[in-house]
Amino acid sequence: MTPFADANPTGPDPLRLTVTTWNINSVRLRIDSVLRFLDAAKPDVLCLQETKCPDDAFPLKALRGSGYENVFFAGQKGYNGVAILSRFPLLTRCVMPFCERQDARHISAVLGPEAGAAAGIALHDFYVPAGGDIPDRALNPKFAHKLDFLQELRAWGGKRVAGPAILVGDLNVAPLEHDVWSHKQLLDVVSHTPIETEALETLRGEADWIDTARLLTPEPEKIYTWWSYRSPDWQAANKGRRLDHAWVSPDLKDTVRKMEVFREARGWERPSDHAPVTLTLEL
DNA sequence: ATGGTTGTGGAACAA
């Protein structure tokens with residue numbers, strides 16, 4: 001045998017799988033931004049939240065020819081709504097209800113055999129309730145809803161079927177001190193109150209999910225994925241929060257390569273207040 | 001527990 005006969009002893013090249021999560025805040029208004037992002041970043045999968053679009057109005061035609069024609073979506077009129085766009089065929093569409101509501105806040109899919117080494121990975125796309133302004137369950141039903149939703153997410157995590165899985169979405173909680181521009185000033189602000197951050201970290205830990213952003217970029221480095229519309233100069237002020245997340249099941253931990261906030265899109269014309277966040281795995 | 005802005009839908013409500 002020549003020295004070169006087995007130059008690649010590990011077999012075929014590994015597959016790089018990229019999955020983006022993006023709260024788009026109206027998929028119809030921003031379908032051109034979706035296409036622009038897909039063209040620029042070319043992820044394998046794009047998970048959207050806040051599509052604000054009934055299913056019969058989802059802009060499927062605009063995606064024709066984009067290379068992302070495998071689409072699962074679950075929408076409703078005016079609020080919420082989630083969607084998964086994929087280069088690979090998707091299997092097993094599932095929409096879980098939470099808090100006994102019809103809200104479209106979850107959708108999942110399994111990557112089909114065409115995804116090669118990524119086949120069989122389950123994708124879960126979540127949109128956790130924002131929770132209103134007052135961080136008090138008794139005074140604010142929206143905050144109560146958020147806490148109840150997180151509790152149900154915890155229960156689901158405990159009985160989730162085994163196997164490789166990726167959980168992404170706008171979880172509307174910035175769990176760690178350096179996930180916000182000022183930990184002290186945001187301790188009473190919904191998205192960073194201890195009851196929320198502890199709930200999210202607890203449910204993540206109990207189900208052994210890996211927080212990929214912090215796996216690769218530990219504290220104290222700041223990471224933000226959202227900047228309020230209400231800041232006159234979001235870029236200069238940079239008062240961001242890390243609300244958008246990508247978690248992987250423990251069997252995928254060693255495949256995590258990159259977690260990137262595409263901040264540029266926050267500066268596009270008529271932007272979403274969230275930036276797209278892309279996870280890269282090497283399988 | 002302020003106000004600031006954006007989206008849906010065409011007033012109020014959600015974020």
- CH2 of A/Trp226 versus P of B/dA15: gap in Å, rounded? 13 Å

- Query: Under 4.0 Å between a side-chain N/O of A/Ser26 and OP1 or OP2 of B/dT8, yes or no?
  - Reply: yes

- Query: Start at the 5' end of DNA chain B and walk down; is the nucleotide closest to A/Lys77 or to A/Tyr127 reached first?
  - Reply: A/Lys77

- Message: What contact category does A/Phe143 fall into here, base, sugar-phosphate, or nothing, at under 4.0 angstrom with non-hydrogen atoms?
- Response: nothing

- Look at the side chain of A/Asn80 and decide which nucleotide, out of B/dA1, B/dA15, B/dG9, has an atom nearest to it. B/dA15

- Testing B/dC13, B/dG9, B/dA15 for proximity to the side chain of A/Tyr79, the answer is B/dC13

- Parallel, tilted or perpendicular: rings of A/Phe262 and A/Phe37 (30°, 60°): perpendicular

- Query: NA contact type, A/Arg241, heavy-atom cut-off 4.0 Å: base, sugar-phosphate, or nothing?
  - Reply: nothing

- Task: Return the nearest nucleotide to the side chain of A/Leu139; candidates are B/dT5, B/dG9, B/dA1.
- Result: B/dA1

- Item | Pair A/Gln49-A/Asp170, side-chain donor/acceptor within less than 3.5 Å | no

- Ignoring the backbone of A/Lys52, work out which of B/dG7, B/dA15, B/dG9 is nearest its side chain. B/dG7

- Tell me yes or no: between the side chains of A/Arg257 and A/Thr280, is some donor less than 3.5 Å from an acceptor? no

- Message: Distance check needed: B/dA1 P versus A/Asn140 CG, whole Å only.
- Response: 12 Å

- Message: What's A/Asp133 touching, base or sugar-phosphate or nothing? Going by heavy atoms closer than 4.0 Å.
- Response: nothing

- Using a strict cut-off of less than 4.0 Å between a Lys/Arg side-chain nitrogen and an Asp/Glu carboxylate oxygen, indicate whether A/Arg16 and A/Asp44 qualify as a salt bridge. no

